[in-house]
Amino acid sequence: ISPEDYHVITQEVLPKRAILRAMNLLKERSYTRHQLEQKLKDSLYAQSDIDHAIAYVESYGYIDDLQYALDFITYRASQLSRRQIEQKLMQKGIDDRIIRQAFQSFCDDGNAIEEEQQIRTFLRKKNYYDLEDEKQRQKVVAALLRKGYRFEQIQTVLRGQ
């Protein structure tokens, strides 16, 4: 390849292809900034091309981590504890500050995560009605703690049964 052709490929063709790849990925579903960057890295684009493509799609609002987090919280609030949601969003590469901001926005809209109700639903679903046996009670508490519920919430629900 001649130096001129190499220059054209690296400076003109590949950046445009990275943008097209990013747009094609976003056509199918939403991505966080981190996820999109990882997908482009997996496609072996240079970091400069990746940065250019991400800046392009961000400029048009095609990726927005705050909106992604808010949508995720809204969709999962009835199923997962706040801690589980936070962990899943962090795994997707969303910054902790953005997660807090999304939760604040979610709560400002009059929504709430009903964790005590989720605990009751979990107990009914697993048929944990009689928790007089201490070993069985500890097993249930441990399972709920692993799901991200706070010990105080668990105790409140178990006392109220």
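Note that the structure is predicted; figures quoted are calculated from it, not measured. Only heavy atoms go into these numbers, but all of them, side chains included; no hydrogens, no water, no symmetry mates.
Clustering of Ile, Leu, Val, Met, Phe, Trp and Tyr by side-chain heavy atoms under 4.5 Å joins Leu44 with none of the others.
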key: Residue pair Gln155, Glu152: steps toward the side-chain contact (heavy atoms from CB on, under 4.5 Å) verdict   = CA-CA 5 Å; Gln155 290 301 87; Glu152 298 79 29; 5.8 Å; no
ask   = Hey, mind stepping through Asn111 and Thr74 against side-chain contact (heavy atoms from CB on, under 4.5 Å) and telling me if it holds?
value = CA-CA 9 Å; Asn111 300 310; Thr74 303; 5.5 Å; no
request  = Could you check Leu89 against Ile85 for side-chain contact (heavy atoms from CB on, under 4.5 Å), going step by step and ending with a plain yes or no?
outcome  = CA-CA 6 Å; Leu89 287 171; Ile85 292 171; 3.9 Å; yes
key: Derivation of the side-chain hydrogen bond (donor to acceptor under 3.5 Å, both in side chains) call for Gln153 and Glu116   = CA-CA 6 Å; Gln153 289 176 314; Glu116 289 183 10; 5.1 Å; no
ask   = Between Lys135 and Asp133, does a salt bridge (charged side-chain N to carboxylate O under 4.0 Å, His left out) hold up when you go through it step by step?
value = CA-CA 6 Å; Lys135 191 171 186 177; Asp133 178 28; over 6 Å; no
task = Decide yes or no on side-chain contact (heavy atoms from CB on, under 4.5 Å) for Lys27 and Met23, but give the supporting numbers first.
result = CA-CA 6 Å; Lys27 180 175 66 174; Met23 298 287 285; over 6 Å; no
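Side-chain contact annotation: Ser2 with Asp5, donor-acceptor N/O pair under 3.5 Å present.
Side chain of Gln117 to backbone of Ser78: no donor-acceptor contact under 3.5 angstrom is found. Gln35 places a side-chain N or O within 3.5 Å of a backbone atom of Thr32 that can act as its donor or acceptor partner. Distance alone, capped at 3.5 Å, is enough to place a donor-acceptor pair between the Asp64 side chain and the Leu66 backbone. For Ser105 (side chain) and Gln101 (main-chain N/O), no donor-acceptor pair under 3.5 Å exists by modelled atom type.
For the atom pair Gln79 CD and Gln84 CD, the distance stands at 10.0 Å (nearest 0.5 Å). If you take NZ on Lys92 and OG on Ser30, they are separated by 10.5 Å, rounding to the nearest 0.5 Å. Taking CD from Glu115 and CZ from Arg83, the interatomic distance works out to 8.0 Å, rounded to the nearest 0.5 Å. Within the model, atoms CG of Asp65 and CG of Asp95 stand 8.5 Å from one another, a figure rounded to the nearest 0.5 Å. Taking CG of Asp51 as the start and OH of Tyr45 as the end, the distance is 14.5 Å to the nearest 0.5 Å. Separation of atoms OH (Tyr56) and CD1 (Ile63) is listed at 13.0 Å; rounding is to 0.5 Å.
Linking Ile, Leu, Val, Met, Phe, Trp and Tyr residues whenever their side-chain heavy atoms come within less than 4.5 Å places Met90 and Tyr68 in a single cluster. Note on Phe103: it does not cluster hydrophobically with Tyr75, by side-chain heavy-atom contacts below 4.5 Å among ILVMFWY residues. A continuous path of hydrophobic side-chain contacts links Ile113 to Ile98 [ILVMFWY only; heavy atoms under 4.5 Å]. Cluster membership for Leu20 and Leu14, using ILVMFWY side-chain heavy atoms within less than 4.5 angstrom, is not shared. Cluster membership check: Ile94 shares its hydrophobic cluster with Ile73, using side-chain heavy-atom separations under 4.5 Å among Ile, Leu, Val, Met, Phe, Trp and Tyr.
Looking at every heavy atom in both residues, Ala22 comes nearest to Ala53 through CB-CB, 4.4 Å. Shown here for Ala143 and Phe122, the closest heavy-atom pair between the two residues is CB-CZ, 4.2 Å.
Aromatic ring pairs are classed by plane angle as parallel below 30°, tilted from 30° to 60° and perpendicular above 60°; the pair Tyr62 and Tyr60 is parallel.
Of the candidates Ile154, Val157, Val141, Tyr149 forms a side chain to side chain contact (heavy atoms under 4.5 Å, CB included) with just one, namely Ile154.
Using a 4.5 Å cut-off on side-chain heavy atoms (C-beta onward), Gln118 and Thr121 make no contact.
Residue pairs meeting the salt bridge (charged side-chain N to carboxylate O under 4.0 Å, His left out) criterion with at least one member in residues 33-50, sequence neighbours excluded, are Arg33-Glu58, Glu37-Lys41.
Ion pair Glu86/Arg82 flagged as a salt bridge, since at least one NZ, NE, NH1 or NH2 atom sits closer than 4.0 Å to an Asp/Glu carboxylate oxygen.
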